[in-house]
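Both backbone and side-chain heavy atoms feed into the values below; hydrogens, waters and symmetry mates do not. Lettering of chains follows the sequences in order, A, B, ..., and the numbering in each one begins at 1.
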There are 2 protein chains.
Amino acid sequence: MQSPGASDPELVGRFSVLLEQLVRRLRTVYAAGQISQSAASTLARLRDEGPLRITDLAHAEGVSQPAMTQLVARLEGEGLLARRVPEGDRRSVLVDVSAAGRDVLEARRAQRVEFLQDLLAGLDRSDWAAIAAALPALERLVASEPNSSRQSAHRKEP
Amino acid sequence: MQSPGASDPELVGRFSVLLEQLVRRLRTVYAAGQISQSAASTLARLRDEGPLRITDLAHAEGVSQPAMTQLVARLEGEGLLARRVPEGDRRSVLVDVSAAGRDVLEARRAQRVEFLQDLLAGLDRSDWAAIAAALPALERLVASEPNSSRQSAHRKEP
DNA sequence: GATCGACACATAAGTGCCTTATGTCATAAT
DNA sequence: ATTATGACATAAGGCACTTATGTGTCGATC
């Protein structure tokens, strides 16, 4: 029994509740009218991994190809990304994040940081110390999924 | 300077990245075709807080009243909740989760637990210990928002 | 080179899930 | 009785998905 987590259903249950609550909270961080979670996730991937074809993007983001085609069209219309046809394969489209897209991602990160600082402001020192101590473990947790091979270890939001 | 979090931008930044990654991960837990995050959140609130009026529900969930009217109509059509007009106020509609709705929430919880056990299976004992030690602090963090007065301390997903 | 199959994306049609604006009925206040 | 307020329903539009289908390009086979 290598992992205590698998043998401690009560803690797993509490963690499960905590994740759901975090998700519900994060939904309120970004002001209305901003880019969607799907758009942000897609732009972030392009920024981190470089230009990708539409079908690869769709697969990586877990949506259908037509959904990604539409999202790319919308984001191109907003100047947040650019499309081009690669040399040697006129069937494909390569998509890359634009400078404006990078700016949007940076603004989102700043909003998250502000939200967290607000939230952390009411936390006492020992609680924050426990969270800070768990950060490396949580980062390893998030990085440990089998399909995390798509996410290189150096990937991070600035 | 009560909270070390507010003075440690690098850790806050790492936490911010972690949250975004968790959100992106959780998006893949639930199989396609299941109820949306909004539907789940709404049903969970009804289960935990009892019958609510549509406008109160909309406000609590952070959406507009017409959006909630439509969601309630859809969920009623699927048998996941029930509507009734309360005594003494024929303008209102009271909404309550159904037994089928409770079953759906329980199935979601089981899926999250399974996902977490999968994820935790690759984590070593000291990492899990650090996460387990941080759980109370994280729970307090999530419960600490000013509008958390709507969430009672005893509220938890079974 | 010609033909067929596979690949890649675009388009169509439909649903879910939001938004603001507006309409209708019920209740409370004057 | 009249007016103001409250509560929800409906309309119209946009975003974000889905499956199904269409069109063009590339690769494999003969």
By nearest atom, which of the nucleotides C:dT20, D:dT18, D:dA16 is closest to the A:Pro66 side chain? D:dT18
Can you tell me if the side-chain N/O atoms of B:Ser38 get under 4.0 Å from OP1 or OP2 in C:dG16? no
May I have the list of side-chain donor-acceptor pairs in residues 90-97 of chain A shorter than 3.5 Å, sequence neighbours left out?
from	atom 1	to	atom 2	distance (Å)
A:Arg91	NE	A:Asp89	OD1	3.1
A:Ser92	OG	A:Asp89	OD2	3.2

With the side chain defined as heavy atoms from C-beta on, B:Ser64 is closest, among C:dT19, D:dT19, D:dC26, to C:dT19
Taking CD from A:Gln65 and P from D:dG22, how many angstroms apart are they, rounded to a whole number? 15 Å
Minimum-distance nucleotide (side-chain atoms of B:Arg91 versus D:dG6, D:dA16, C:dA8): D:dG6
So, OP1 or OP2 of C:dA8: does either fall under 4.0 Å of a side-chain N or O from A:Arg53? yes
Do A:Ser41 and A:Glu61 have side-chain N/O donor and acceptor atoms under 3.5 Å apart? yes
Closest to the B:Val93 side chain, choosing from D:dT18, C:dA10, D:dC8: D:dC8
Would you say C:dA26 has OP1 or OP2 under 4.0 Å from some side-chain N or O of B:Arg90? yes
Distance, rounded to the nearest Å, where B:His59 contributes NE2 and D:dA7 contributes P: 12 Å
What integer distance in Å separates A:Gln37:CD from C:dC17:P? 17 Å
Atom pair distance, as rounded to whole Å: CG in A:Leu57 and P in C:dA10: 12 Å
By nearest heavy atom, map A:Asp56 and B:Leu71 onto DNA chain C; which one lands nearer the 5' end? A:Asp56
To the nearest Å, how far apart are A:Glu61 CD and D:dT18 C1'? 17 Å
Measure the shortest side-chain to side-chain distance between A:Leu119 and B:Phe15 over non-hydrogen atoms and say whether it is less than 4.5 angstrom. no
Where each residue is assigned the nucleotide of DNA chain D containing its nearest heavy atom, which of A:Glu78 and B:Ala67 is assigned the position nearer the 5′ end? B:Ala67
Taking atom C1' of D:dT5 as reference, at what distance in whole Å does atom CG of B:Asp89 sit? 12 Å
Contact class for A:Ser36 vs. all strands (heavy atom < 4.0 Å): base, sugar-phosphate, or nothing? sugar-phosphate
Indicate yes or no: at least one non-hydrogen side-chain atom of A:Leu11 is less than 4.5 angstrom from one of B:Ile131. no
Should the side chain of A:Gln70 and the base of D:dC17 be counted as holding a donor-acceptor pair, with the cut-off at 3.5 Å? yes
Salt bridge (Lys or Arg N to Asp or Glu O under 4.0 Å) with B:Glu114: which residues, sequence neighbours excluded? none
Across the strands shown, which category fits B:Ser92 at heavy-atom distances under 4.0 angstrom: base, sugar-phosphate, nothing? sugar-phosphate
For A:Thr69 and C:dA10, is the shortest distance between a side-chain N/O and OP1 or OP2 below 4.0 Å? yes
